[in-house]
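For reference, positions follow the sequence shown, starting with 1.
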Amino acid sequence: MKKLLLAGALFLSINSFSQDYTVNHESPTSVVKAIFHAAETGEHEILGTLCDPLAKGDSDVKNICSMGFGFSDADKKKLEEKGSSVEEVKGEFKEVFGKGEIIGNTVFETRDTGNYAKVEFYFYPNGEKRKETMNLVQRGNNWYLSSF
């Protein structure tokens with residue numbers, strides 16, 4: 001069953017696009033740039049294709065990817081209880097990632113557990129430019145967000 005789910009996720013990821021934007025899942029930088037594109041344009045659907053099809057990864061990347069599936073009524077209620085809204089979350093996402101940029105070269109690493117990549121980037125939490133590293137994992141020939 002896992003192989004079937006992985007194959008389906010890989011097919012969807014290879015063919016993932018949002019309007020005129022296509023993610024090249026064979027490139028770790030393309031996967032990270034998709035975050036910036038989604039934040040800047042509001043085409044959040046693409047985010048749902050960026051996480052590990054085996055559902056491994058930290059809560060930060062899972063939160064990013066979950067935006068690609070929209071907000072359920074339960075999500076909206078939780079936000080409301082916290083005094084926030086979907087529009088505010090989307091606005092904050094745009095502020096933090098919308099002007100993001102890749103810096104340096106991708107670093108690849110092979111371990112006993114698989115292939116990994118590190119992509120350094122700038123983003124803007126609290127309006128301040130900050131350097132961060134996105135970690136990605138390779139599944140088949142495709143790269144997916146793992147942690148940052």
Side-chain angles (χ1 to χ4, degrees), residues 1-19 21-79 81-82 84 86 88-126 130-148:
M1 182 68 175
K2 275 188 179 178
K3 288 182 181 182
L4 181 60
L5 289 173
L6 181 59
L10 292 175
F11 175 77
L12 288 173
S13 296
I14 290 168
N15 295 303
S16 63
F17 64 93
S18 181
Q19 303 201 356
Y21 187 82
T22 302
V23 180
N24 176 4
H25 281 273
E26 294 181 4
S27 165
T29 57
S30 178
V31 174
V32 175
K33 285 180 181 179
I35 299 169
F36 309 149
H37 174 80
E40 184 60 30
T41 64
E43 296 176 11
H44 297 131
E45 305 82 25
I46 204 162
L47 298 170
T49 70
L50 304 181
C51 274
D52 185 350
L54 299 182
K56 296 184 180 189
D58 71 7
S59 62
D60 291 330
V61 298
K62 287 181 179 180
N63 287 336
I64 288 172
C65 295
S66 70
M67 287 185 68
F69 302 109
F71 291 84
S72 68
D73 289 339
D75 293 334
K76 291 174 187 175
K77 186 173 181 174
K78 285 180 188 176
L79 288 173
E81 289 170 358
K82 293 179 180 180
S84 189
V86 170
E88 289 174 319
V89 170
K90 289 179 178 181
E92 182 179 327
F93 181 69
K94 182 174 184 169
E95 184 178 311
V96 172
F97 289 100
K99 294 181 181 171
E101 59 185 291
I102 303 290
I103 53 175
N105 295 315
T106 302
V107 175
F108 294 93
E109 182 179 351
T110 299
R111 299 184 218 150
D112 292 342
T113 55
N115 296 321
Y116 301 88
K118 294 180 183 285
V119 177
E120 290 187 337
F121 65 99
Y122 287 126
F123 73 139
Y124 297 83
N126 302 316
R130 189 170 122 195
K131 183 178 174 181
E132 183 63 81
T133 301
M134 183 65 71
N135 299 295
L136 296 97
V137 61
Q138 189 176 37
R139 304 287 183 215
N141 290 327
N142 296 316
W143 291 95
Y144 299 94
L145 303 177
S146 178
S147 66
F148 77 100

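The structure places SG of Cys65 at 11.0 Å from CG of Asp60, a figure rounded to the nearest 0.5 Å. Here the CE-CZ distance, from Met67 to Phe71, works out to 4.5 Å after rounding to the nearest 0.5 Å. The distance from atom NZ of Lys56 to atom SG of Cys51, rounded to the nearest 0.5 Å, is 14.0 Å. Atoms OG1 and NZ, from Thr41 and Lys94 in turn, are 8.5 Å apart once rounded to the nearest 0.5 Å. Interatomic distance, OG1 of Thr29 versus CG of Leu136, reported as 9.5 Å (0.5 Å rounding).
In this structure Lys131 satisfies the salt bridge (charged side-chain N to carboxylate O under 4.0 Å, His left out) test together with Glu120, sequence neighbours excluded. Partners of Glu81 by salt bridge (charged side-chain N to carboxylate O under 4.0 Å, His left out), not counting sequence neighbours: none found. For Glu88, there are no salt bridge (charged side-chain N to carboxylate O under 4.0 Å, His left out) partners at least two apart in sequence or on another chain. For Tyr124, there are no ring-ring contact (aromatic ring centres under 6.0 Å, His included) partners two or more places apart in sequence or in a different chain. Applying the ring-ring contact (aromatic ring centres under 6.0 Å, His included) rule to Phe93 yields the partners His44, Phe97; only residues at least two apart in sequence or on another chain are considered. Scanning for salt bridge (charged side-chain N to carboxylate O under 4.0 Å, His left out) contacts around Glu132 gives Arg130, with sequence neighbours left out.
Taking each heavy atom of Val119 and Pro28 in turn, the nearest pair found is CG2-CB, 3.9 Å. For the pair Gln138 and Asn115, the tightest heavy-atom approach, listed with the atom from each and the gap, is OE1-ND2, 2.8 Å. Nearest heavy-atom pair across Arg139 and Pro53 is CG-CD, 4.1 Å. For Gly98 against Ala39, the heavy-atom pair with the smallest separation is N-CB, 3.5 Å. The minimum heavy-atom distance between Ile46 and Ala34, with the atom names listed, is CG2-O, 4.0 Å. The two residues Val86 and Leu79 make their nearest non-hydrogen contact at N-CD1, 3.9 Å.
At least one side-chain heavy atom of His25 sits under 4.5 Å from a side-chain heavy atom of Thr49. Considering only heavy atoms from C-beta on, Asp52 stays 4.5 Å or farther from Ser146 through its side chain. Counting only heavy atoms from C-beta outward, the side chains of Asn135 and Val137 never approach each other to under 4.5 Å. Side-chain contact between Ile102 and Phe36: present, with at least one pair of heavy atoms (C-beta onward) separated by less than 4.5 Å. The shortest side-chain heavy-atom distance between Ile35 and Leu145 falls under the 4.5 Å cut-off.
No more than 12 heavy atoms of other residues, nucleotides or ligands lie within 6.0 Å of NZ in Lys90, so this atom counts as exposed by the packing criterion.
Aromatic ring pairs are classed by plane angle as parallel below 30°, tilted from 30° to 60° and perpendicular above 60°; the pair Phe148 and Phe123 is perpendicular.
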Derivation of the side chain to side chain contact (heavy atoms under 4.5 Å, CB included) call for Met134 and Val61: CA-CA 9 Å; Met134 183 65 71; Val61 298; 3.8 Å; yes
Does the pair Phe121 and Glu101 meet the rule for a side chain to side chain contact (heavy atoms under 4.5 Å, CB included), with working shown? CA-CA 5 Å; Phe121 65 99; Glu101 59 185 291; over 6 Å; no
Intermediate values then yes/no, side-chain hydrogen bond (donor to acceptor under 3.5 Å, both in side chains), Ser72 and Asp75: CA-CA 5 Å; Ser72 68; Asp75 293 334; 3.2 Å; yes
Kindly determine whether Phe108 and Trp143 satisfy ring pair (Phe, Tyr, Trp, His ring centres under 6.0 Å), including the steps that lead there. CA-CA 11 Å; Phe108 294 93; Trp143 291 95; 5.7 Å; yes
Take Thr106 and Val32 through the test side chain to side chain contact (heavy atoms under 4.5 Å, CB included) and record every step on the way to the result. CA-CA 11 Å; Thr106 302; Val32 175; over 6 Å; no
How far apart are the C-alpha atoms of Arg111 and Glu109, what are their side-chain angles, what is the distance that settles it, and do they pass the salt bridge (charged side-chain N to carboxylate O under 4.0 Å, His left out) test? CA-CA 7 Å; Arg111 299 184 218 150; Glu109 182 179 351; 3.1 Å; yes
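Panel note: side chain Ser30, backbone Asn24; a donor-acceptor pair is recorded below 3.5 Å.
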